[in-house]
Amino acid sequence: MNACPQTPSFRLDGRRALVTGASRGIGFACAAALSQAGAHVFMAARDKGQLAEGVSAVAGEGGSAQAIVLDVTDPANIADVVADLGPIDVLVNNAGVARHSPMVDTRVEDFDAVVDVNLRGAYFVSQAVARGMISRGEGGVILSISSQMGHVGGIDRAVYAATKHAIEGMTKSAAIEFGRYGIRVNTVCPTFIRTPLTEATFADTEKAEWIASKMKLGRVAELEDVMGAVVFLASDAAAMITGTSLLVDGGWTAG
Ligand code: NAP
């Protein structure tokens with residue numbers, strides 16, 4: 001009798017993961033997910049107090065996590081912090097902000113703030129982590145929490161969608177550059193989830209109806225809906241997947 005092919009592991013035991021924007025919302029969920037899959041997680045953000053709460057929640061359920069104060073808009077801070085962490089096997093670029101407005105009303109300072117965190121931040125954190133992965137020579141995984149808005153446009157979202165489309169382009173080019181080092185680069189693209197980032201959107205009846213009308217599964221997404229996608233792409237089960245995106249959008253982009 002032939003032996004069955006074996007499913008590669010979805011576990012991350014022994015891996016070291018860095019998650020940016022891990023103090024709340026989707027980043028906190030990503031950190032919890034990676035920890036529950038066995039990884040040690042460096043949880044990075046600016047607010048020390050919120051990070052400490054997140055770390056103790058992860059530790060409280062037996063996970064291994066550490067708080068890292070990091071501002072992704074500061075490339076010098078990124079280089080120092082990443083150098084101090086030691087080997088990183090998995091990066092999740094999650095830190096993100098939104099300042100929505102009609103394009104005709106967008107202020108330069110809002111444009112710059114969104115680009116600084118969502119694109120420039122993810123770019124230079126990826127660069128710093130990739131340099132370490134390349135010199136270590138053991139491969140790695142770089143994921144970015146992009147968005148369905150990396151694939152379609154949205155109401156009042158010209159700047160936000162521009163940064164998320166840019167992350168998709170960065171991901172494809174990085175996958176080409178880093179493939180030879182065994183580094184896989186992908187995005188996870190969630191639909192709307194209730195977090196501090198989307199509070200104003202869900203509070204706006206018209207926008208809440210817009211969201212509900214797009215959800216083919218008859219409900220709005222929850223943080224848990226993103227967690228499995230992140231663990232899968234970080235794991236050996238996704239060993240042949242690079243340069244692409246996994247949409248967690250409840251069918252939004254299907255039409
Ligand atoms: P959130 O609740 O507002 O959390 C944002 C996180 O980013 C916080 O931990 C925040 O911590 C951190 N952050 C912001 N600026 C930072 C900086 N300069 N340096 C380091 N960390 C920074 O947002 P979220 O909804 O969880 O969104 C997380 C990611 O998912 C974003 O990239 C967002 O675009 C994406 N996304 C969200 C949704 C959604 O519906 N919620 C849908 C699709 C994609 P500090 O303020 O302490 O730094």
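Atom set for the values below is all heavy atoms of this structure, side chains included, hydrogens, waters and symmetry mates excluded. Counting convention: from 1, in listed order, for ligands and their atoms alike. Everything numeric in this text was worked out from a predicted model, so none of it was measured.
- Near G25, meaning under 4.0 Å from any of its heavy atoms, are these atoms of ligand 1: 2 (O), 26 (O).
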task = Could you please spell out the steps behind the side-chain contact (heavy atoms from CB on, under 4.5 Å) verdict for D225 and I193?
result = CA-CA 9 Å; D225 293 314; I193 297 175; 5.7 Å; no
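- Every atom of ligand 1 is numbered from 1 in the order shown, and the set under 4.0 Å from a heavy atom of T198 is 39 (C), 40 (O), 41 (N).
- Other residues, nucleotides and ligands place no more than 12 heavy atoms under 6.0 Å from the CD atom of E206.
- Counting protein heavy atoms only, atom 44 (C) of ligand 1 is closest to S146 O, 3.1 Å.
- In this structure, Y160 has a heavy atom closer than 4.0 Å to ligand 1.
- Every N/O-N/O distance between N118 and ligand 1 stays at or above 3.5 Å.
- At least one heavy atom of K164 sits closer than 4.0 Å to an atom of ligand 1.
- Relative ring orientation between H40 and F42 is described as perpendicular, the plane-to-plane angle rising above 60° on a 0-90° scale split at 30° and 60°.
- Of the candidates D156, D112, D110, R99 forms a salt bridge (charged side-chain N to carboxylate O under 4.0 Å, His left out) with just one, namely D110.
- In terms of polar-atom proximity, G21 is counted as a contact of ligand 1, with an N or O under 3.5 Å from an N or O of the ligand.
- In terms of protein heavy atoms, atom 5 (C) of ligand 1 is closest to G96 O, 3.7 Å.
- Not one N or O of T73 is nearer than 3.5 Å to an N or O of ligand 1, by distance alone.
- Between I193 and ligand 1, a contact under 3.5 Å exists for at least one N or O pair.
- Contacts between L51 and ligand 1, counted as non-hydrogen atom pairs separated by less than 4.0 Å, are absent for every part of the residue.
- With salt bridges taken as basic N to acidic carboxylate O contacts below 4.0 Å, none links D249 and K214.
- In this structure, the separation between OG1 on T7 and CG on D236 is 12.0 Å, given to the nearest 0.5 Å.
- Nearest protein heavy-atom contact of atom 25 (O) of ligand 1 is T195 OG1, 2.5 Å.
- Near D71, meaning under 4.0 Å from any of its heavy atoms, are these atoms of ligand 1: 17 (C), 18 (N), 19 (N).
- Annotation for ligand 1: atoms under 4.0 Å from non-hydrogen atoms of N94 are 28 (C), 29 (C), 30 (O), 31 (C), 32 (O).
- Of all atoms in ligand 1, listed by their number and element, those nearer than 4.0 Å to a heavy atom of F192 are 40 (O).
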request  = Evaluate the criterion side-chain contact (heavy atoms from CB on, under 4.5 Å) for residue pair L91 and V125; output intermediate values, then yes/no.
outcome  = CA-CA 9 Å; L91 165 66; V125 175; 3.7 Å; yes
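- The protein non-hydrogen atom at the shortest distance from atom 16 (C) of ligand 1 is R46 NE, 3.5 Å.
- The nearest heavy-atom contact from the protein to atom 11 (O) of ligand 1 is S23 OG, 3.2 Å.
- Distance from atom 22 (C) of ligand 1 to its nearest protein heavy atom, with residue and atom name: A95 CB, 3.7 Å.
- Under the 4.0 angstrom criterion for non-hydrogen atoms, A221 is not in contact with ligand 1.
- For G27, no nitrogen or oxygen atom sits less than 3.5 Å from a nitrogen or oxygen atom of ligand 1, counting backbone and side chain alike.
- In terms of protein heavy-atom proximity, atom 23 (O) of ligand 1 is nearest to L197 CB, 3.3 Å.
- Distances shorter than 4.0 angstrom occur between a heavy atom of L70 and an atom of ligand 1.
- Expressed to the nearest 0.5 Å, how far CD1 of I142 lies from OG1 of T242 amounts to 9.0 Å.
- T244 and R184 share no donor-acceptor pair across their side chains, judged by distance under 3.5 Å alone.
- Remark: minimum distance from atom 37 (C) of ligand 1 to any protein heavy atom is reached at I26 CD1, 3.4 Å.
- For the residue pair N93 and S126, a side-chain donor N or O sits within less than 3.5 Å of a side-chain acceptor on the partner.
- Looking at heavy atoms from C-beta onward, F124 lies out of side-chain contact with V82 at the 4.5 angstrom threshold.
- When heavy-atom distances to ligand 1 are checked against a 4.0 Å cut-off, D47 comes that close through both its backbone and its side chain.
- Side-chain atoms of T187 and S144 form no donor-acceptor pair, as typed in the model, at a separation below 3.5 Å.
- Considering backbone and side-chain N/O atoms, R24 comes within less than 3.5 Å of an N/O atom of ligand 1.
- Between R15 and D89, no side-chain nitrogen of the basic residue sits less than 4.0 Å from a carboxylate oxygen of the acidic one, so the salt-bridge criterion is not met.
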Return all side-chain donor-acceptor pairs below 3.5 angstrom for residues 70-80, not counting sequence neighbours, or 'none' if the list is empty.
residue, atom, partner, partner atom, Å
D71, OD1, T73, N, 2.9
D71, OD1, T73, OG1, 2.7
D71, OD2, T73, OG1, 3.3
D74, OD1, A76, N, 3.1
D74, OD1, N77, N, 3.2
N77, OD1, D71, N, 2.9

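- Here is the list of ligand 1 atoms found below 4.0 Å of a heavy atom in I145: 30 (O), 32 (O), 35 (C).
- A distance of 3.5 Å separates OG of S146 from CD of E168, quoted to the nearest 0.5 Å.
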